[in-house]
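Some notes on the structure that comes next.
Below, chains carry the letters A, B, ... as their sequence lines are ordered, and counting in each starts from 1.
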Number of protein chains: 2
Amino acid sequence: MKTASSLVAIGPVSKRTGCNIETIRYYERVGLLQAPVRSPGGYRLYGNQHLKRLTFVRRARSLGFSIDEVRTLLKLADERKRPCAEVRVVAAAHLGDVRAKIADLRAMERVLDETVAKCANGKQSDCPLIEALYREDSPSIPPSPRRRRKG
Amino acid sequence: MKTASSLVAIGPVSKRTGCNIETIRYYERVGLLQAPVRSPGGYRLYGNQHLKRLTFVRRARSLGFSIDEVRTLLKLADERKRPCAEVRVVAAAHLGDVRAKIADLRAMERVLDETVAKCANGKQSDCPLIEALYREDSPSIPPSPRRRRKG
DNA sequence: GATAAAGCCTGTAGTAACTAGAGACTCAAG
DNA sequence: CTTGAGTCTCTAGTTACTACAGGCTTTATC
């Protein structure tokens, strides 16, 4: 890792980037990373371009972009002269998702906060949270879990 | 569903509770719901107690409790005379998780908001988000995705 | 050079919480 | 009786990893 042309095996890459060895192989398998050259013994050998790409993937994942969204971003970065308008569309949609998730979690937080506070006096024979969970028409709890994600 | 002793098949239960048929069967399989009696033809027949229990499960799920946490809550509700202190421990831990997730999402939101705003002028040849993702030491992006969840 | 431990490989399966068929049996209405 | 809807079990898939198992390679030490 001293010069632009030196190659390193997956273990050092994992240590350098903080990305699990198996996750690196996973990213290769799903196409986010190109398969690197191999040593005569079959070990993967990564160069600087691979490191940069893995960094990109990790950062995008840390922002909550799905694997497919990361794939789209990489494609835009690789193939477009002026990708910004299209990148913005992807990012703005994702920002909307993040905000919706925050709103969901906020609603949960509020209900949990209230019921934990009511349970604080651990002496009553009935439990406000359990009673609320059994109540069919409780207005303070949303009726269904929400699952959001598209690949 | 008119009297305490009348039983209904899974379809009407699904419609009544808004819970997918297959999800009801899933909950039975993982032990959250007891296996109901069957018609001579093998159809599941649910009574009122089942309905109440499914409502409990759904509401707990909508608050983000994991299947295992729901299992714990059900056990506390079923077996304890005064469950509230223990329920509170479960709920408070979960509240902490919810708050941590909100904090994570807030950090993502902030970064996304900034970069979407920078991309707003869709005319530059370089894209601030893409550049940021490629940058190894960017201080505004957390270094790794976080996964949290225990069964 | 020999040896042992660590590193790496591929393949398989598992995690959590669902969700979607496929093929076959049951039920209700016409 | 027929037909279409409902329900059954079983298997597999979704998303993003994660954890072996068994076997080959590399490295460090003697």
Side-chain angles (χ1 to χ4, degrees), chain A residues 7-33 35-46 50 54 57-72 94 97 101 104 108 144-151, chain B residues 7-33 35-46 50 54 57-72 94 97 101 104 108 144-151:
Chain A
L7 303 169
V8 289
I10 199 167
V13 171
S14 171
K15 284 193 174 63
R16 167 98 187 247
T17 60
C19 182
N20 198 356
I21 285 176
E22 317 211 356
T23 307
I24 298 172
R25 287 198 285 245
Y26 168 70
Y27 288 153
E28 180 190 318
R29 198 157 62 246
V30 298
L32 293 192
L33 298 182
V37 291
R38 299 290 183 112
S39 73
Y43 283 23
R44 291 170 172 79
L45 299 174
Y46 295 92
H50 273 102
L54 180 56
V57 171
R58 292 306 277 170
R59 292 206 182 290
R61 287 289 303 124
S62 77
L63 289 181
F65 287 105
S66 70
I67 297 287
D68 250 7
E69 282 162 341
V70 176
R71 185 175 284 120
T72 301
H94 178 53
D97 285 347
K101 279 182 199 158
D104 279 351
M108 293 182 205
S144 297
R146 321 198 186 203
R147 277 180 75 83
R148 191 174 284 108
R149 176 103 295 185
K150 51 193 197 243
Chain B
L7 303 169
V8 290
I10 200 167
V13 170
S14 171
K15 284 193 175 64
R16 167 101 186 243
T17 60
C19 184
N20 198 356
I21 286 176
E22 316 212 359
T23 307
I24 298 171
R25 287 200 283 245
Y26 169 70
Y27 289 153
E28 181 190 316
R29 198 157 62 245
V30 300
L32 292 191
L33 297 180
V37 293
R38 299 289 181 111
S39 72
Y43 284 22
R44 292 168 171 76
L45 299 175
Y46 295 91
H50 273 103
L54 181 55
V57 172
R58 294 305 278 167
R59 293 207 180 289
R61 286 288 305 122
S62 76
L63 288 180
F65 287 104
S66 68
I67 297 286
D68 251 6
E69 282 162 340
V70 176
R71 186 175 284 120
T72 301
H94 179 53
D97 286 346
K101 277 182 202 157
D104 280 350
M108 291 183 207
S144 299
R146 324 217 184 184
R147 277 180 75 82
R148 192 175 287 108
R149 178 102 293 189
K150 51 197 196 280

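In this structure B:Tyr43 satisfies the side chain to side chain contact (heavy atoms under 4.5 Å, CB included) test together with B:Ser39, sequence neighbours excluded. When the side chain to side chain contact (heavy atoms under 4.5 Å, CB included) test is applied to A:Arg29, the partners found at least two apart in sequence or on another chain are A:Tyr26. For A:Arg71, the salt bridge (Lys or Arg N to Asp or Glu O under 4.0 Å) criterion is met by A:Asp68, not counting sequence neighbours. By the side chain to side chain contact (heavy atoms under 4.5 Å, CB included) test, A:Thr23 pairs with A:Cys19, A:Asn20, A:Tyr27, A:Arg58, sequence neighbours left out.
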* Go along nucleotides 5-10 of chain D 5' to 3' and tag each nucleotide: B for a protein heavy atom under 4.0 Å from its base, S when only backbone or sugar atoms are that close, - otherwise. => -BSSB-
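Taking the screw axis at each terminus of the helix from C:dG1-D:dC30 to C:dG30-D:dC1 from five consecutive base pairs, the angle between the two is 10° to within rounding of 10 degrees.
One can place CG of B:Asn20 at 18 Å from P of D:dT14, the figure rounded to the nearest angstrom. Atom CZ of B:Arg58 is separated from atom C1' of C:dA17 by 11 Å (rounded to the nearest Å). Put simply, CG on A:Leu7 is 20 Å from P on C:dG7, counting in whole angstrom units. In this entry the distance linking CD of A:Glu28 with C1' of D:dA16 reads 17 Å, nearest Å. When the P atom of D:dT15 is taken as reference, atom CD of A:Glu69 falls 11 Å away, rounded to whole Å. The OH-P distance, from A:Tyr26 to D:dA19, rounds to 15 Å in whole Å.
Minimum interatomic distance between B:Glu28 and B:Tyr46 (heavy atoms only, all atoms of both residues): OE1-OH, 4.0 Å. Looking at every heavy atom in both residues, A:Ile21 comes nearest to A:Gly11 through CD1-CA, 4.1 Å. For the residue pair B:Pro12 and B:Ala9, the shortest heavy atom distance occurs at CD-O, 3.2 Å.
Side-chain contact between A:Glu69 and A:Ser66: present, with at least one pair of heavy atoms (C-beta onward) separated by less than 4.5 Å.
Checking the phosphate oxygens (OP1, OP2) of C:dT19, a side-chain nitrogen or oxygen of B:Thr23 falls inside 4.0 Å. Residue A:Tyr27 has a polar side-chain atom (N or O) positioned under 4.0 Å from OP1 or OP2 of D:dC17.
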* Asked: Should B:Val70 and B:Leu32 be marked as a side-chain contact (heavy atoms from CB on, under 4.5 Å) after you check the CA-CA gap, both sets of side-chain angles, and the distance that decides it?
  -> CA-CA 8 Å; B:Val70 176; B:Leu32 292 191; 4.1 Å; yes
